[in-house]
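Since the structure comes first, as structure tokens, the remarks are kept for the end.
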There are 2 protein chains.
Amino acid sequence: MTKNPDGKMAEPPTMSDVARRAGVSAMTVSRALKEGSHVSKATRERIAQAINELGYVLDQSAGSLSSRRTGFVAAIIPSINNSNFSDTARGITDALEGTGLQLLLGYTNYSVDREEELIEAMLKRRPEGIILTGGSHTPRGRRMLEQAGIPVIETWDRPAQPIDKVVGFSNGEAMELLVETLAGKGYQRFGYIGGTTSRDTRGSQRRAGFVRALERLGLPSDRVISFGVPPISMEQGAQAVVNMLERWPDTQVALCVSDLSAFGALMECQRRGLKVPDDIAIAGFGDYEIAACCHPRMTTVNVDCYGIGRQAALKLTQTIQAASAEPPEPITVTGFRVIEREST
Amino acid sequence: MTKNPDGKMAEPPTMSDVARRAGVSAMTVSRALKEGSHVSKATRERIAQAINELGYVLDQSAGSLSSRRTGFVAAIIPSINNSNFSDTARGITDALEGTGLQLLLGYTNYSVDREEELIEAMLKRRPEGIILTGGSHTPRGRRMLEQAGIPVIETWDRPAQPIDKVVGFSNGEAMELLVETLAGKGYQRFGYIGGTTSRDTRGSQRRAGFVRALERLGLPSDRVISFGVPPISMEQGAQAVVNMLERWPDTQVALCVSDLSAFGALMECQRRGLKVPDDIAIAGFGDYEIAACCHPRMTTVNVDCYGIGRQAALKLTQTIQAASAEPPEPITVTGFRVIEREST
DNA sequence: CTTTTGGATGATAGCGATAACATACGCAGG
DNA sequence: CCTGCGTATGTTATCGCTATCATCCAAAAG
């Protein structure tokens with residue numbers, strides 16, 4: 001930290017300081033700092049030098065108060081420690097590249113109350129748009145979003161009553177497709193491993209899809225282990241599969257709410273000397289890196305996490321820019337596909 | 001988005017709107033919104049009601065211009081898609097809870113140039129402090145940090161010339177400890193798997209520690225595979241171990257720059273029918289969830305990622321608050337320990 | 001030589017909040 | 001009944017920047 005000779009903190013220089021030093025007005029400095037405005041080359045250079053000498057950094061919060069553009073968008077994800085969501089965040093960042101918009105990221109730990117707090121905290125900073133994960137919010141959170149006057153994008157889900165725009169897919173249908181694919185290979189006795197339903201909406205929908213598909217196929221759908229508070233960990237997946245094998249020893253295939261719990265289950269089976277997929281088959285959800293790399297490689301459902309982020313950010317920037325031009329489609333449905341590998 | 005009858009966007013209400021509706025001055029509204037200021041109960045309630053009716057949300061960017069406190073701290077990490085760093089981010093968030101400070105998170109993808117961009121982008125928003133990963137920055141990035149007039153905390157490393165404060169550990173020493181521990185178990189022919197040196201400073205230091213420890217022990221230290229651009233993935237770890245076994249088939253133990261590459265190597269060995277640790281032992285670095293859960297469970301080095309974040313944030317808030325009181329220690333050294341498991 | 005045009009720059013007035021000071025009022029103590 | 005003080009509220013002046021309009025001037029056009 002730079003200090004004055006008297007030991008007190010030096011006040012950072014302002015635009016006027018730069019202007020004075022360069023012998024121009026503050027307005028000209030402001031222009032010089034902005035792309036595509038008319039400032040003569042000589043002036044521009046004098047200003048650049050003054051900025052350099054003073055170590056000046058533009059105060060964007062002051063600027064945005066004046067221009068009424070804060071230059072950032074907010075995104076709220078359940079967890080950053082989950083590569084599915086961090087891939088989405090990466091997609092957002094990449095799509096924002098070059099738009100002059102910056103990402104303000106927050107995470108909820110899968111709590112809607114924490115989400116409400118975050119929504120408020122973010123809205124206080126006046127983002128130009130906001131991207132959410134899922135369509136479940138507290139009533140107050142929802143109301144704040146509706147009244148914020150900015151584009152709102154819900155992702156990773158297909159809410160029955162979208163607030164504004166949506167980029168997502170049906171988690172239930174994706175799980176149904178996985179069940180059908182595996183049933184097509186001859187599996188009949190399916191088990192499901194997931195967390196308790198309360199917090200993780202996407203998890204609940206996957207489980208509902210599991211049950212729906214089996215009922216449609218006329219197969220038993222009661223082998224469901226709900227274990228632990230979502231998101232369930234690798235270790236919890238390991239414990240759950242033990243639990244499942246105790247209750248229903250003849251289970252042929254265990255579907256898991258995510259690749260992480262599936263991986264835990266897979267390792268636990270190996271530890272107990274079970275052959276996967278011969279003794280028991282295992283499939284996950286999400287197509288994490290680990291699913292492609294573990295041994296045996298894991299069957300899973302790929303959902304275009306990165307693409308969800310990209311498209312959400314794209315829709316956002318389109319909505320912001322095209323204030324009057326034709327707005328983008330309100331709902332984008334992203335794809336998913338079953339990746340069959342060695343574990344089934 | 002709320003729109004007026006004429007179809008244009010409704011301007012969000014300001015504090016004056018609230019004040020008018022509640023029959024008080026804007027200043028009183030400002031006070032009512034702030035803890036511990038004297039506003040009568042009746043007035044407070046009238047204001048709360050007006051806020052509710054209008055759906056008002058405080059504009060913090062305007063407030064911070066006036067109060068000269070933006071209420072957030074910036075943190076820059078290499079990747080959010082890496083649980084070590086996201087654990088650090090979680091530690092920061094948790095330690096910031098209740099301080100009125102919010103976290104603005106950015107990630108560099110392990111690029112110092114991207115770091116420089118981020119530093120500038122963040123500084124433009126006038127954070128009250130900034131937390132960085134590592135001690136390698138571009139000269140310009142470093143200069144901006146020095147001149148910013150805010151506390152700077154470098155983490156995950158022990159820079160030779162710290163900018164300001166440090167919360168970290170020596171990656172080299174940690175790797176030395178791992179080598180010594182394994183040498184103590186009788187291993188003699190060590191291999192190392194890591195990325196090319198250019199980008200990942202911490203990775204380079206771990207490799208240097210590997211070499212140092214072996215030289216000190218009088219063991220060969222040339223079995224080093226540098227493969228791929230950091231951060232190296234599970235898949236790259238798998239490829240690297242194949243490469244290593246081709247070049248030095250009698251390698252007894254492979255140390256990897258992180259648990260992720262170690263896991264890839266472990267799975268690849270199993271795929272090739274090698275017994276771990278009998279045919280080859282494998283150890284990682286970082287103590288990720290996967291290391292505790294894979295089969296066989298992986299020996300690794302635990303570094304207190306979460307604690308690094310917590311302590312960095314703590315040091316930051318102490319520095320901010322105790323402007324004149326005694327400032328915190330400039331350097332905090334966090335611990336690490338070898339976790340011996342089944343893979344060695 | 002006048003007019004037009006547009007680039008370069010400056011002056012002024014906010015953006016929406018809060019700091020700092022000012023005012024009004026009620027109640028305890030003399 | 002006055003002084004003194006603390007609570008409750010209002011007024012004013014910025015915070016650092018940019019939108020907007022005004023001005024000046026040189027070069028192109030007529």
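Since we're looking at a predicted model, the values are computed, not measured.
Rounded to the nearest 0.5 Å, atoms CG (A/Leu316) and CD1 (A/Ile150) are 8.0 Å apart.
The salt bridge (Lys or Arg N to Asp or Glu O under 4.0 Å) search around B/Asp200 returns B/Arg202, not counting sequence neighbours. Taking the side chain to side chain donor-acceptor pair (under 3.5 Å) definition, one finds that A/Tyr56 meets it with nothing, sequence neighbours left out. Residues that satisfy the salt bridge (Lys or Arg N to Asp or Glu O under 4.0 Å) test with A/Glu117, not counting sequence neighbours, are A/Arg114. Under the rule for a salt bridge (Lys or Arg N to Asp or Glu O under 4.0 Å), A/Arg310 has no partner lying at least two apart in sequence or in another chain. The salt bridge (Lys or Arg N to Asp or Glu O under 4.0 Å) search around A/Asp59 returns B/Arg126, not counting sequence neighbours.
For residues 68-78 of chain A, the side chain to side chain donor-acceptor pair (under 3.5 Å) pairs, not counting sequence neighbours, are A/Arg68-B/Glu11, A/Arg69-A/Glu128.
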Side chains of residues 47-54 of chain A: which donor-acceptor pairs under 3.5 Å do they make with residues two or more places apart or in other chains?
{"from": "A/Gln49", "atom 1": "NE2", "to": "A/Glu53", "atom 2": "OE2", "distance (Å)": "2.8"}
{"from": "A/Glu53", "atom 1": "OE1", "to": "A/Arg21", "atom 2": "NE", "distance (Å)": "2.5"}
{"from": "A/Glu53", "atom 1": "OE1", "to": "A/Arg21", "atom 2": "NH2", "distance (Å)": "3.1"}

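Side-chain N/O atoms of B/Ser25 and B/Thr28 include a donor and acceptor closer than 3.5 Å.
For the side chain to side chain donor-acceptor pair (under 3.5 Å) with B/Trp156, the lone residue among B/Thr133, B/Thr334, B/Thr88, B/Thr201 that qualifies is B/Thr88. Checked options B/Val112, B/Ile76, B/Leu132; the residue passing with B/His137 is B/Leu132 (criterion: side-chain contact (heavy atoms from CB on, under 4.5 Å)).
In the helix from C/dC1-D/dG30 to C/dG30-D/dC1, the terminal helix axes, each the rotation mapping four pairs' C1' atoms onto the next four within five end pairs, subtend 40°, rounded to 10°.
Taken residue by residue, residues 20-29 of chain A places heavy atoms nearer than 4.0 Å to DNA chain C at A/Val24, A/Ser25, A/Met27, A/Thr28. Interface residues of residues 32-44 of chain A facing DNA chain C, ordered by number: A/His38, A/Val39, A/Ser40, A/Thr43; criterion, heavy-atom separation under 4.0 Å.
The nucleotide range of DNA chain D contacted by chain B, defined by atoms under 4.0 angstrom from heavy atoms of the protein and reported 5' to 3', is D/dA8 to D/dG16. For DNA chain C, the contact window with chain A, defined by any atom under 4.0 Å from a protein heavy atom, covers C/dG7 to C/dG16 in 5' to 3' order.
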| query | Does the pair A/Phe72 and B/Leu104 meet the rule for a side-chain contact (heavy atoms from CB on, under 4.5 Å), with working shown? | reply | CA-CA 11 Å; A/Phe72 73 84; B/Leu104 179 58; over 6 Å; no
| task | Determine, step by step, whether A/Gln102 and A/Leu96 satisfy the side-chain contact (heavy atoms from CB on, under 4.5 Å) criterion, reporting the C-alpha distance in whole Å, the side-chain angles of both residues, the deciding distance to 0.1 Å, and the verdict. | result | CA-CA 7 Å; A/Gln102 205 190 338; A/Leu96 252 30; over 6 Å; no
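When the nearest nucleotides of DNA chain D are assigned to B/Arg31 and B/Leu65 by heavy-atom distance, the more 5′-ward of the two goes with B/Arg31.
Around atom CZ of A/Arg46, more than 12 heavy atoms belonging to other residues, nucleotides or ligands sit under 6.0 Å away. Within 6.0 Å of CZ in A/Arg90 there are more than 12 heavy atoms belonging to other residues, nucleotides or ligands.
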